[in-house]
Amino acid sequence: AHPDGVVLDVRLPGKSGIEVLRTIRASGRRCLVVVMSSVAEPSIREACISSGADYFLFKGSGYAALIEALQIEAAHRKEEGL
């Protein structure tokens, strides 16, 4: 079984979240990828989005933004019949 979604931190032990994101996208499997970071630099956000992140969220914004992203994705999946 494969996950429907993944929440990554930019900083992970061993690999960066961006490397993990690229591996997920290279696999060809479709899943929601949300990347969160405590660093709000535009270059990090741009790297995540260009690597295939569906959402990039600043941790300082709290979990409301994550919940909203998940709700939006769930609505899209329902519309598509997934």
Side-chain angles (χ1 to χ4, degrees):
H2 300 283
D4 291 330
V6 178
V7 178
L8 296 171
D9 193 319
V10 171
R11 296 181 185 158
L12 296 172
K15 278 189 171 183
S16 76
I18 296 171
E19 290 174 300
V20 173
L21 169 61
R22 288 178 181 150
T23 300
I24 291 169
R25 291 302 183 225
S27 76
R29 289 192 166 74
R30 177 70 190 128
C31 74
L32 171 73
V33 179
V34 178
V35 180
M36 299 184 77
S37 178
S38 59
V39 180
E41 291 185 29
S43 62
I44 292 174
R45 180 187 183 284
E46 290 168 14
C48 292
I49 297 300
S50 68
S51 295
D54 295 295
Y55 297 92
F56 177 86
L57 304 173
F58 176 59
K59 286 182 182 179
S61 64
Y63 290 103
L66 175 59
I67 292 167
E68 182 179 349
L70 295 174
Q71 289 171 333
I72 290 168
E73 183 67 16
H76 287 297
R77 286 176 168 265
K78 186 175 182 180
E79 289 173 5
E80 294 175 4
L82 299 174

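We use all heavy atoms of the structure for the numbers below, so side chains are in, but hydrogens, waters and symmetry mates are not.
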Test item: Val35 and Leu57 side chains (from C-beta on) under 4.5 Å apart, heavy atoms: no
Looking at side-chain heavy atoms only, is the closest gap between Val33 and Ile24 below 4.5 Å? yes
Rounded to the nearest 0.5 Å, how far apart are [atom1] of [X] and [atom2] of [Y]?
X: Asp4; Y: Arg29; atom1: CG; atom2: CZ; value: 12.5 Å
X: Arg77; Y: Glu73; atom1: CZ; atom2: CD; value: 5.0 Å
X: Ile18; Y: Ser50; atom1: CD1; atom2: OG; value: 8.0 Å
X: Asp54; Y: His76; atom1: CG; atom2: NE2; value: 10.0 Å
X: Leu66; Y: Tyr55; atom1: CG; atom2: OH; value: 10.5 Å
X: Phe58; Y: Ser38; atom1: CZ; atom2: OG; value: 7.0 Å

Between [X] and [Y], which heavy-atom pair has the shortest distance, and what is it?
X: Leu21; Y: Ala53; value: CD2-N, 3.6 Å
X: Gly17; Y: Leu12; value: CA-CD1, 3.8 Å
X: Gly5; Y: Cys31; value: N-CB, 4.2 Å

Name of the residue among Val7, Leu70, Val6 meeting side-chain contact (heavy atoms from CB on, under 4.5 Å) with Leu32: Leu70
Around Arg11, counting heavy atoms of other residues, nucleotides and ligands shown, do more than 12 lie under 6.0 Å from its CZ?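 No, the 6.0 Å shell around CZ holds no more than 12 heavy atoms from other groups.
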Mark yes when over 12 heavy atoms from residues, nucleotides or ligands other than Glu19 sit less than 6.0 Å from its CD; otherwise mark no.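 Above 12, so yes.
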Using the rule given for side-chain contact (heavy atoms from CB on, under 4.5 Å), can you reason through Asp9 versus Met36, listing the C-alpha separation, both sets of side-chain angles and the distance that settles it, and then say yes or no? CA-CA 5 Å; Asp9 193 319; Met36 299 184 77; 5.7 Å; no
Applying side-chain contact (heavy atoms from CB on, under 4.5 Å), run through Val34 and Phe56 and close with a yes or a no. CA-CA 6 Å; Val34 178; Phe56 177 86; over 6 Å; no
Establish whether Val20 and Val39 are linked, either directly or via other cluster members, by ILVMFWY side-chain heavy-atom contacts under 4.5 Å. yes
Is Arg22 reaching over with its side chain to a backbone N or O of Ser51, donor-acceptor style, under 3.5 angstrom? no
